[in-house]
**Student:** 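Please read through the structure below; I'll follow up with questions.
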Amino acid sequence: MAGIAAPRGTHDILPAEAPAWRWLLDTHSRVVESYGYRPIATPVFEATELFARGVGAETDVVEKQMFTFEDRGGRSLALRPEGTAGVVRAVVGAHLEQERRPVRVHYQGPMFRAERPQAGRQHQFTHLGVECIGERSPHLDAEIVEMAWRFFQALGLEGVQLQVNTLGDAEDRRRYREALVAYYAPFRERLCDDCRRRLEVNPLRLLDCKKDADLVPGAPLIWELLDAGSKAHFTAVLASLEAAEVPAAVNHRIVRGLDYYADTVFELWHESLHGAQNALGGGGRYDGLAELLGFATTPGVGYALGAERILIAAEQQQLTPQDAGDCDIVVCSVEGPQAERAAEIARLLRGDARVVLDVSDRRLDRKLRQSDKLGARLAVIVGEEEERAEEATVRDLAAHTQQRVPTSQLADAVRHALDAQR
Ligand code: HAM
């Protein structure tokens, strides 16, 4: 019988990959916490309605990509396809924005979308996200974009392109929807079934269609329909970004695939991923979202970055840290009776280093070979003779040298030997 495989579109993070993940997550936390963002964690599943109302029932994400299921009481739940709706539910639901405005939070965790898996596109993937909830200001839009940019700078990742746009306010988008309908209506007969429906219910989503993508370049741009207030907001965002020396290119074709956006939207692209998967992340302002979820109107702005895609790009540029191995030291007993003594020594040394205890009945040469595989730099050997003399043998696994050390001086000798190797 074949062993059970991991589900399609999922990826195990095995120990050798852990240092790269830790580097990525820690760098993100460090950068955003330097702007006053604090961690938040919300459930990986939510009421399906949260996403249908928040993200939009006609978006591809909700309509085609969501993993939904019923709980035992018949309620419809969904594995979260994104984090913003849940974070807004949590923050506004707990009235945090009444204590401090804005509420600055960041999160990292798994998201789920049933898209056809390929490099950089999985069923389960990881978001690094931030949300700034409770205040509307172009400076906050710029802060969010700047943080994403500083994060990529902190990683040292080259070749990231930042594209920004504005989707205006509700009235601008109403005019835009009309303009889109007027543009697409003459093509109605050749549109795919989805787009014919989108023409009626959500014309903005016509711009996401892969099948009718050839019509997008000729479609009207929202910029041409914005009122003065929306233009002023966007101009202020661009001025803030320029002052912060964040190189943002204006791209009026960025519309994002989620319905909750208004005003500023942005994406970060990288060529290493090719074609449709080239977005490392995206975000924008979503002042209408809280209301869609049944709360009082509460402005917000944020982003989410795709951790797996960033790691692909970082690995290509050899930025990810080397695997530091399992441990620094292996303490081996040579025969059974020395096991307790070896365990005691291992305990003593753990204050300063990562120590693996090997009291197995394998031969010493095998134990030393295994120590190399674990990445250890020293082996501390406790045999019968050493125990009798209250000593241990400290072996440098790279230099193949060794010395006998009294147990009372062992901690110092080991520290010294590890320092000498660094
Ligand atoms: P999003 O653009 O849908 O935005 O997702 C953000 C990023 O997640 C994408 O740019 C991509 O890097 C990554 N991503 C998306 N789908 C997959 C997948 N199937 N496999 C691997 N990576 C993927 C949002 O989700 C918004 N919540 C962002 C936001 C936060 N807006 C405001 N606040």
Side-chain angles (χ1 to χ4, degrees), residues 8-11 24 28 32 37 40 42 46 50-51 54-56 59-62 64-67 79-91 102-133 140-141 143-145 147-148 151-152 157 160-165 167 205 208 254-270 272-290 299-314:
R8 219 165 84 87
T10 65
H11 172 74
L24 191 75
H28 187 256
V32 302
Y37 285 69
I40 189 169
T42 60
E46 298 269 3
L50 180 83
F51 305 113
V55 174
T59 57
D60 279 358
V61 167
V62 169
K64 299 183 181 158
Q65 300 168 358
M66 217 149 59
F67 289 94
L79 294 181
R80 60 182 184 190
E82 62 101 52
T84 309
V87 168
V88 168
R89 175 197 58 63
V91 166
V103 180
R104 291 178 163 91
V105 289
H106 73 95
Y107 53 93
Q108 50 206 34
M111 306 291 157
F112 305 85
R113 293 184 193 177
E115 298 183 83
R116 201 165 49 78
Q118 59 188 72
R121 194 164 76 189
Q122 299 175 193
H123 283 180
Q124 176 176 334
F125 58 98
T126 311
H127 266 175
L128 304 176
V130 298
E131 312 292 348
C132 177
I133 298 167
L140 295 174
D141 301 21
E143 173 175 294
I144 293 285
V145 178
M147 275 195 304
F151 167 57
F152 287 114
L157 191 68
V160 180
Q161 294 169 41
L162 169 61
Q163 313 263 330
V164 295
N165 189 24
L167 299 181
R205 297 277 69 93
D208 302 334
I254 302 276
V255 290
R256 309 280 296 132
L258 315 169
D259 273 354
Y260 49 60
Y261 291 111
D263 290 303
T264 315
V265 288
F266 65 99
E267 290 186 352
L268 296 133
W269 295 352
H270 201 272
S272 69
L273 294 144
H274 310 297
Q277 266 54 256
N278 67 0
L280 295 184
R285 180 159 281 287
Y286 47 82
D287 292 355
L289 174 58
V301 57
Y303 69 61
L305 310 174
E308 288 80 4
R309 293 187 189 177
I310 300 170
L311 282 179
I312 292 174

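The chain is numbered in sequence order, starting from 1. Ligands are counted one by one from 1 in listed order, and the atoms in each one are counted from 1 as well.
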**Student:** Report the part of F266 (side chain from C-beta onward, or backbone N, CA, C, O) that has a heavy atom under 4.0 Å from ligand 1; answer both or neither where that applies.
**Tutor:** neither
**Student:** With atoms numbered from 1 as shown, which atoms in ligand 1 lie under 4.0 angstrom from a non-hydrogen atom of E82?
**Tutor:** 25 (O), 26 (C), 27 (N)
**Student:** Should you measure from each heavy atom of E115, which atoms of ligand 1 turn up under 4.0 Å away?
**Tutor:** 16 (N), 17 (C), 18 (C), 19 (N)
**Student:** At a 4.0 Å threshold, what atoms of ligand 1 neighbour a non-hydrogen atom of Y286?
**Tutor:** 32 (C), 33 (N)
**Student:** Could you tell me, atom by atom, which parts of ligand 1 come under 4.0 Å of a heavy atom of E131?
**Tutor:** 30 (C), 32 (C), 33 (N)
**Student:** List every atom of ligand 1 that sits less than 4.0 Å from any heavy atom of L280, numbering the atoms from 1 in the order shown and giving each element.
**Tutor:**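 Matching atoms, with element in brackets: 10 (O), 12 (O).
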**Student:** Output the list of atoms in ligand 1 that are nearer than 4.0 Å to some heavy atom of A279, sorted by atom number.
**Tutor:** 10 (O), 11 (C), 12 (O)
**Student:** Give me the residue, atom name and distance of the protein heavy atom closest to atom 18 (C) of ligand 1.
**Tutor:**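 In this structure, atom 18 (C) of ligand 1 has F125 CD2, 3.4 Å as its nearest protein heavy atom.
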**Student:** Should the proximity of L258 to ligand 1, defined as any heavy atom under 4.0 Å, be assigned to the side chain, the backbone, both, or neither?
**Tutor:**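 Side chain only.
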**Student:** Considering H123, Q65, R256, which one's heavy-atom position lies nearest to atom 4 (O) of ligand 1?
**Tutor:** R256
**Student:** For Y261, which part has a heavy atom under 4.0 Å from ligand 1: side chain, backbone, both, or neither?
**Tutor:**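 The part of Y261 near ligand 1 is the side chain, not the backbone.
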**Student:** Of the choices E308, R309, Q122, which has the non-hydrogen atom that lies closest to atom 20 (N) of ligand 1?
**Tutor:**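 Comparing heavy atoms across E308, R309, Q122, the nearest one to atom 20 (N) of ligand 1 lies in Q122.
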**Student:** Any N/O of G83 closer than 3.5 Å to an N/O of ligand 1?
**Tutor:**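 By distance alone, the answer is no.
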**Student:** Got a sec, which residues hit side-chain hydrogen bond (donor to acceptor under 3.5 Å, both in side chains) with E143, two or more places apart in sequence or on another chain?
**Tutor:** Y37, R104
**Student:** Quick one: which ligand 1 atoms are inside 4.0 Å of a heavy atom on T84?
**Tutor:**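 Here the atoms of ligand 1 in question are 26 (C), 27 (N), 29 (C), 30 (C), 31 (N), 32 (C), 33 (N).
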**Student:** Give a yes/no on ligand 1: does G257 have at least one heavy atom closer than 4.0 angstrom to it?
**Tutor:**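 No, G257 has no heavy atoms under 4.0 Å from ligand 1.
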**Student:** Using a 4.0 Å cut-off to any heavy atom of G283, which atoms of ligand 1 qualify?
**Tutor:**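 Heavy-atom distances to G283 below 4.0 Å select 31 (N).
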**Student:** Is any NZ, NE, NH1 or NH2 atom of the basic residue among E267 and R256 found under 4.0 Å from an Asp or Glu carboxylate oxygen of the other?
**Tutor:**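 Looking at E267 and R256, the cut-off is met.
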